[in-house]
Amino acid sequence: MLERFNMVGRLSGDPDLVLTTVDAAVNLARANSLWYLLMGLACCSIELMQTGGPRADIDRFGSLFRATPRQSDLMIVAGTVTLKMAPRLRRLYDQMAEPKYVIAMGSCANCGGPFDLSYSVLRGVDKIIPVDVYLPGCPPRPEALTEALLKVQEKIRKERYFLKKEA
Amino acid sequence: MERAELISLLSSRLGSALLSTAEMRNDDTLVVVDRKELVSAVGTLKNDPALGFTTLMNHLGADYRDKLAVIYNLWSPALRNKITVKVYLDRDNPEVPSLERAFHGISWYERETYDLFGIRFTGHSNLKRLLLPDDWEGHPLRKDYVAPQSYNGIETGRPDLLDEPAAAEGTGV
């Protein structure tokens, strides 16, 4: 009798049918099409370019760069954020469409790094925008940035996007 | 050209504009020039056929606490000599004529010196801040500059972990 309601058991023999939730399906799509905004501010951006290059090849995770915030899902803040740049960075972040994610790449974006004592450098990008993944290193290697991207994907897969409450 | 020979040549050409000369530790010749006669002195250095200091290699500002200074590194291809021209300025009213007419490329150097030292270059075509934002207060490379605790609502201060153990405990560091 109960077997009638066991959808999984009933349909498991059908190779064309997969049962899942809408959240899981959409999250899978979102996680594997993370387009990132080119936000190269200092030497970290060289490593960011390497990560997009053929050896590390971040493209195979569905991630490719966009030159406009309006088409980006992810902001990789690669480099030193000066106080002069900070309002511009915030503005670019505000122009990105929800849902959006931020990787603070390298020591400078995390906390000011070697420029901690400088008069003109923002001590951590988290003072102006919310950060999802902090990536240490000065600069981090392409493998590390790939790992940070996988962490963001992990976070996206766990989200309940359609049931998210409005803030 | 030997240093003594160069110095006697410079003093004969520059006259009263030349205040003093010295040998620098980097084997360079220091030439201190009167502030009021800077433009004519540099004009002589550049255009006099016997001198020919036609290349401006560098331009700097300096803070000696009691006074400020601007420094020009000039190179003469004809003499194969390098000199350092220095002009001392009042700390309260640091003003020096711009050398834009003699060396066009000095424009942004002078803007940077204005930005970081607050030295005003009279006659400059576009004396605005070069590196820092326009609404920045103060000139950071001066010795008496105190970095502000915030800029446009962004917190910029940090606890000094060596001087204030109490402050460090408070932040949970």
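Lettering follows sequence order; numbering is per chain, from 1.
- For A:Ile128, the part lying under 4.5 angstrom from a heavy atom of chain B is the side chain only.
- At most 12 non-hydrogen atoms from other residues, nucleotides or ligands lie less than 6.0 angstrom from OH of B:Tyr109.
- Note on B:Asp115 versus B:Arg111: no salt bridge recorded, every NZ/NE/NH1/NH2 to OD/OE distance being 4.0 Å or above.
- Salt bridge status for B:Asp66 with B:Arg91: absent, with no side-chain N to carboxylate O gap under 4.0 Å.
- The interface of residues 44-54 of chain A with chain B, defined by heavy-atom distances below 4.5 Å, is empty.
- Look at B:Lys143 and B:Asp63 and you find no salt bridge, because none of the NZ, NE, NH1 or NH2 atoms lies under 4.0 Å from a carboxylate O.
- Each of B:Trp108, B:Tyr114, B:Phe121 was checked for a ring-ring contact (aromatic ring centres under 6.0 Å, His included) with B:His59, and the lone residue meeting it is B:Phe121.
- With a 4.5 angstrom heavy-atom cutoff, B:Ile154 touches chain A only via side-chain atoms.
- In this structure, B:Asp27 pairs ionically with B:Arg3, as a charged nitrogen and a carboxylate oxygen lie closer than 4.0 Å.
- For B:Leu68 against B:Phe117, the heavy-atom pair with the smallest separation is CD1-O, 4.3 Å.
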